[in-house]
Amino acid sequence: MVSKQEIQSKIRQTVEMVRRTNPIAGSITNSVTINFVANAQLAVGGSAAMVYLPDEAEFLAKAGGAMYVNMGTLLPIYEETLPYAAKVLHETGKPWVLDPVAVGIGSLRTQILQQFKEYKPTIIRGNASEIIALAGLWGLDGGTDESNVRGVDSTDSVSAAKTAAIALAKWTGGAVAVSGETDLITDGSIMAVSYGGSHFMEKITGAGCSLGGVVAVYATATSPFIAALTASALYNLAGKRAELKVDGPGSFQVQFLDELYKAKAEEIAGNSFDMEEV
Amino acid sequence: MVSKQEIQSKIRQTVEMVRRTNPIAGSITNSVTINFVANAQLAVGGSAAMVYLPDEAEFLAKAGGAMYVNMGTLLPIYEETLPYAAKVLHETGKPWVLDPVAVGIGSLRTQILQQFKEYKPTIIRGNASEIIALAGLWGLDGGTDESNVRGVDSTDSVSAAKTAAIALAKWTGGAVAVSGETDLITDGSIMAVSYGGSHFMEKITGAGCSLGGVVAVYATATSPFIAALTASALYNLAGKRAELKVDGPGSFQVQFLDELYKAKAEEIAGNSFDMEEV
Amino acid sequence: MVSKQEIQSKIRQTVEMVRRTNPIAGSITNSVTINFVANAQLAVGGSAAMVYLPDEAEFLAKAGGAMYVNMGTLLPIYEETLPYAAKVLHETGKPWVLDPVAVGIGSLRTQILQQFKEYKPTIIRGNASEIIALAGLWGLDGGTDESNVRGVDSTDSVSAAKTAAIALAKWTGGAVAVSGETDLITDGSIMAVSYGGSHFMEKITGAGCSLGGVVAVYATATSPFIAALTASALYNLAGKRAELKVDGPGSFQVQFLDELYKAKAEEIAGNSFDMEEV
């Protein structure tokens, strides 16, 4: 297994490369947290661009270094845009991050997520219930037929999603990040657990979505596993730091963006994590 | 008439029940303030989920404890989604909050608001001009044929909307909240006036919309009248407190979310209000 | 050439008139920064209203004092809404601000921007690459066939867009504002350069969009050139001031809105600028 030192060195390189090159990661994302996603992407040194239409998604998929696809607030046009974008991303080999928000709710979401199976999202990021439900939808190990997704919230623990996460990562050949009190990141052969964060991250919207957007930014510069781990480490660090300085969710959101911006590559790499083979 | 002490006791219970049970109130709402609505719902202890599509609205209407419907930035799909959601909510007896933003502007808005008459929104929240115009559209007392709605702003005083508010509440059998310098809340037989707030609430977007979203959260746990009064009391308290700590609308918005989160049940119940029979 | 003193006097009057009369400037704008645009418009004393549908756009175009049209995140309905709104604005002689975000990306954006040529947007605001690409699309001096627009970012310097800006202003008979490290504003015969701002304005989303929205607010009260210059002066002043008080992009955004609100008319008029004939 690769050593923690090697992983940390890659995290540092990823953070610095992004800050130096300002890579674009386009997004098709929900309207609730679209602003927070973009601002988080900018705060870490990336560039953001959001679209709704099929040909614009194609343009961004080809022009950007990676893409973020969030299933939050589906619009009718997404029936065309999302599978088409996924196809282009898959065919051009561009990394893309899927955030299967609210999987199991609504016929269009189910239909699109089924189509995504063959386009193999490079990184899948979700809460435990979403990861389990997506594995179920795709007929993989660790999934359940019935979704425990509660609106946009999880009712399962992160560790309960371990089998599903590994199965999804093996299917896509990429990485899976399960967000929760601790974050689990796996590429199907190794698994990292990232520690930190804040209870305020459940008291604001967009902690998860913007993490997905930042994973996409890092995916322009490194492997799926390192991208997901780097973003999780940064989020856990920034959440921990922001919490110490605020006493409510409004100021947490503001302080959190500041901490994303200020965190040094060394500090992100040094944020506590464990690794094991799976 | 019920005593102020009884009302205050119910306000306390509502605030505490929501913080304990984290109820979902789904929303179909405008894109300008959708993030602020969700964050306000989370700050008071609720859970948020926003949708655009008919079958997702149906799912949320059935799965959530209440729903918030805001007429702000209409999209074409709303022609299907909104009447369908209202029908489901009405038939399943789920409380829902209607925010008739910009009533009188555009043919789709008028058509949908007319359809809503029979689905009897449990709570109607708006500024004075919107309440008067909606009563007019529905042919009720206190309404006017001609809307004084100016974009999203009111040109009428809260007291001028009293007759319309009572007529609407009698029609729906629920409650009506008129937002302004003081807030008027009525269920058609009693009327409360809630005091406090801040001049900054007119200098930011979303004070009204997010109040509607929070009313929906509280409506999962109590009567329409108490839900509307609890939310108004909290907003007046949080506005007053936030104003003391800031000197501009940007920091007001942040501080206001913090105050929503920090306000104690006792303090919300203790926020100044008057009551009378109507 | 008009003297700097006269210009400064007009800036003062514009700022004060808007704060006194609270004019509505409606917007059709992207979903990423729609909230920031509205809050900026409110912070300077205007009133905001955002729409998607054709007849609502028509209503706002006629009812408001000016309109802001941002090409950011196009939706399918924009194919109808945008040309129709532009036509109504042109025919009624209402000032409108065009923000040609991401010009060159996607077929619908290109088609709509081509249609806009004959409707002559009163003020065009964009970054250097957008201004050059729009001049190219319209076959005017200083334009290039190939767009250097990179997602939503510019790869050209402000001074490189000078010829294109002048050509666009001559074509429309209005004004053009090129945003960058310094801002260039021209009506085709005189040119102002406005100084100030902050490096954080590139680290948040919406600095450009909200500037466009504020230009529209000022355009309800003065000439296109003065409206664009007033808004640019205010943004440069507020950016400079906000930067001194914060250490990250999250708090910059908050502080920036506060500074928009607090800046005195005299201070805005006194913000450093140069003028020359072209």
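First the proteins, then the strands, lettered A, B, ... as listed; each starts at 1.
Of all residues spanning residues 238-267 of chain A, those with a heavy atom less than 4.5 Å away from chain C's heavy atoms are Val254(A), Leu257(A), Asp258(A), Tyr261(A), Lys262(A), arranged by number.
Within a 6.0 Å radius of CD in Gln111(C), more than 12 heavy atoms belonging to other residues, nucleotides or ligands are found. By the neighbour-count criterion of 12 heavy atoms within 6.0 Å, atom CD of Gln115(C) is densely surrounded, having more than that number from other residues, nucleotides or ligands.
The parts of Ala38(A) that come within reach of chain C are both its backbone and its side chain, each placing non-hydrogen atoms under 4.5 angstrom from that chain.
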(message) Would Val15(A) and Leu234(A) count as a side-chain contact (heavy atoms from CB on, under 4.5 Å) here? Give the steps.
(response) CA-CA 9 Å; Val15(A) 171; Leu234(A) 171 56; over 6 Å; no
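Across Ile34(A), Leu42(A), Ile77(A), the residue that shares the most heavy-atom pairs under 4.5 angstrom with chain C is Leu42(A). Between chain C and the options Leu53(A), Val51(A), Thr29(A), the largest number of non-hydrogen pairs under 4.5 Å is found for Leu53(A). Of the listed residues (Leu75(A), Asn39(A), Asn35(A)), the one with the most heavy-atom contacts under 4.5 Å to chain C is Asn39(A).
Without hydrogens or angle criteria, Asn30(C) side chain to Thr33(C) main chain gives a donor-acceptor distance under 3.5 Å. Under a 3.5 Å cut-off, the side chain of Asn70(A) and the backbone N or O of Asp99(A) do not form any donor-acceptor pair. Between the side chain of Asn22(A) and the backbone N or O of Arg19(A) there is no donor-acceptor pair closer than 3.5 Å. Looking only at distances, no side-chain donor or acceptor of Arg109(C) sits under 3.5 Å from a matching main-chain atom of Pro100(C). Distance alone, capped at 3.5 Å, is enough to place a donor-acceptor pair between the Thr73(C) side chain and the Ser31(C) backbone.
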